[in-house]
Amino acid sequence: MFITVTLQLLQGFAKTVELFALTLLFSLPLGLLLSLGSMSRAKILKYPIKFLIWVIRGTPLMLQLMVIFYGPGLLGNPVWNGMGNTGRFAAALVAFVINYSCYFSEIYRGGIQSVPVGQYEAGQVLGMTRGQIFRKVVLLQVIKRIVPPMSNEIITLVKDTSLANVISVTEIIFMGNSFTKSNGLIWPLFYTGVFYLLFCGLLTILFGYIEKKLSYFR
Amino acid sequence: MALLEVSHIEKNFENTKVLKDISFQMEEGQAVSIIGSSGSGKTTLLRCLNFLEVPDGGTITVRGEKLFDASEKAQESEEELRKKRLHFGLVFQNFNLFPQYTALENVTLAPKLALEKPDSESLGRIEAHGRELLRKMGLENRENNYPHQLSGGQQQRVAIARALALQPDILCFDEPTSALDPMLTGEVLKVIRSLAEQHTTMIIVTHEMGFARDVSDQVIFMDKGVIAEQGTPEEIFTKPKEEKTRQFLSGYTNPN
Ligand SMILES: Nc1ncnc2c1ncn2[C@@H]1O[C@H](COP(=O)(O)OP(=O)(O)O)[C@@H](O)[C@H]1O
Ligand SMILES: [Mg+2]
């Protein structure tokens with residue numbers, strides 16, 4: 001039984017990791033665009049983005065998942081139907097990407113704004129171009145400042161993927177839970193925790209390593 | 001012909017006039033000190049010269065070339081602006097060194113980036129020049145230290161070397177010792193003094209009156225956005241004509 005459960009959970013864990021990785025793939029760059037927009041001087045860009053961030057950060061991700069999955073159908077355009085599990089996964093991915101882009105954009109914004117204006121001015125009076133100032137002076141300082149909050153947020157994402165359960169995405173909790181229903185076993189559900197722990201542990205080590213790499217300057 | 005000619009510079013922030021009709025000239029090899037109380041516009045003037053602020057009126061001319069003319073509101077390309085900036089260097093009150101680079105890298109970064117084709121020969125030349133400048137600043141053992149490993153006085157000397165590396169026509173200092181412990185001001189003033197002895201053209205905003213008196217060829221006293229009085233150190237410090245100058249100087253009872 002243990003082997004059967006482990007294999008099932010591994011399948012679910014593969015979905016979890018897939019949702020996690022694809023969310024990062026899209027939301028890391030999208031978050032950067034949102035942060036640049038939210039700092040833009042163009043009000044037509046800035047205010048709608050700030051509004052979006054406010055809504056997304058002010059409502060539960062679980063609710064967002066449900067709105068994105070069931071909403072289109074209620075509006076008479078059931079985009080996710082007819083795709084089966086793929087539709088559920090796609091809906092979850094969209095919700096996660098929107099949600100995490102907003103959180104990441106705030107982290108980027110904090111990082112960019114924490115670089116003192118004197119750094120830009122020092123580059124300017126040394127005759128550097130805007131591109132050079134960004135790449136050679138500002139970028140690494142921003143990265144150093146965003147690594148700790150980013151690692152927090154990314155580790156939260158690992159665990160947040162379990163929320164996709166509410167729209168029946170076959171991630172690891174869903175798989176664990178299936179044994180409760182079919183075999184009356186509760187321990188497979190608890191066993192899922194081991195997978196999360198190992199994955200988060202791995203990420204913690206990775207981020208710790210990056211932080212250490214960047215600790216040579218202040 | 002004067003090396004630098006500043007004429008009728010005006011600068012407003014919103015509705016406050018921060019610089020009003022600022023005009024002065026300086027010759028090559030001169031050191032000009034700017035003194036005046038906090039808020040009188042000294043920093044803003046240096047920022048205008050370095051094109052960190054755009055004046056609302058007046059002209060700035062270097063070696064006969066008009067770098068800035070407020071009456072020509074021409075849109076300049078970033079490229080042109082950068083070229084003009086290189087006539088001036090600026091040493092900031094709080095150093096603004098780049099924290100992720102060593103002392104030597106701070107000094108060589110901008111010259112390296114400015115190279116058209118970075119071959120090993122030019123890179124080597126820049127490195128050697130950088131080391132030479134740090135040696136002149138008394139920092140030969142500090143080349144590979146990061147800014148956070150240096151004292152304030154050492155950081156400011158790196159910043160001076162960094163500004164000198166681009167060989168500006170005029171090097172500006174904005175209160176270079178104000179952010180330093182009294183213990184450390186001496187070492188920074190010493191290197192500025194030696195630059196003055198080598199006839200580096202400099203504009204120095206400072207509250208160190210004894211120092212200004214010693215090293216300057218000309219002293220400018222600013223008050224509320226205008227040049228209230230200017231002259232030789234002798235004229236300003238020994239027999240100031242203006243009551244305002246006298247009042248300001250009396251605040252410094254023991255100039256060195
Ligand atoms: N960016 C700015 N926006 C608005 N006011 C400014 C700005 N920079 C300086 N000022 C004002 O201009 C005046 C002169 O400032 P500054 O040039 O820094 O004087 P100083 O360097 O002589 O102390 C001050 O009243 C200051 O508040
Ligand atoms: Mg000032």
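The sequence lines fix the lettering, A, B, ..., with proteins before strands; numbering per chain opens at 1.
Using a 4.5 Å cut-off between heavy atoms, B:Arg162 touches chain A through backbone and side chain atoms alike. Using a 4.5 Å cut-off between heavy atoms, B:Phe95 makes no contact with chain A at all. Contacts between B:Leu81 and chain A at a heavy-atom distance below 4.5 Å are absent for every atom of the residue. Only the side chain of B:Glu78 comes within less than 4.5 Å of a heavy atom in chain A; its backbone stays farther off. Using a 4.5 Å cut-off between heavy atoms, B:Leu52 contacts chain A through its side chain alone, with no backbone atom that close.
The structure places CD of B:Gln149 at 12.5 Å from CZ of A:Phe217, a figure rounded to the nearest 0.5 Å. Here the CG atom belonging to A:Leu140 is positioned 13.0 Å from the CZ atom belonging to B:Phe98, to the nearest 0.5 angstrom.
Of all the listed residues (A:Gln141, A:Lys144, A:Arg218), the one sharing the greatest number of non-hydrogen pairs under 4.5 Å with chain B is A:Arg218. In terms of non-hydrogen atom pairs under 4.5 Å with chain A, the most contact-rich of B:Leu113, B:Leu166, B:Leu97, B:Asn50 is B:Leu113.
Enclosure of atom CG in A:Leu7 by more than 12 non-hydrogen atoms of other residues, nucleotides or ligands within 6.0 angstrom is indicated. For A:Trp187, the CH2 atom counts as densely surrounded, since its 6.0 Å shell holds more than 12 non-hydrogen atoms of other residues, nucleotides or ligands. By the neighbour-count criterion of 12 heavy atoms within 6.0 Å, atom NZ of B:Lys136 is sparsely surrounded, having that number or fewer from other residues, nucleotides or ligands.
Against chain B, the residues from residues 110-137 of chain A that qualify, each with a non-hydrogen atom under 4.5 angstrom away, are A:Gly118, A:Gln119, A:Glu121, A:Ala122, A:Gly123, A:Gln124, A:Val125, A:Leu126, A:Gly127, A:Met128, A:Thr129, A:Arg130, A:Gln132, A:Lys136, A:Val137 in number order.
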For residues 189-210 of chain A, dump all side-chain donor-acceptor pairs below 3.5 Å to protein atoms at least two apart in sequence or in another chain.
unit_1   : atom_1 : unit_2   : atom_2 : d
A:Tyr191 : OH     : A:Thr6   : OG1    : 3.1
A:Thr192 : OG1    : A:Leu189 : O      : 2.5
A:Thr204 : OG1    : A:Cys200 : O      : 2.7

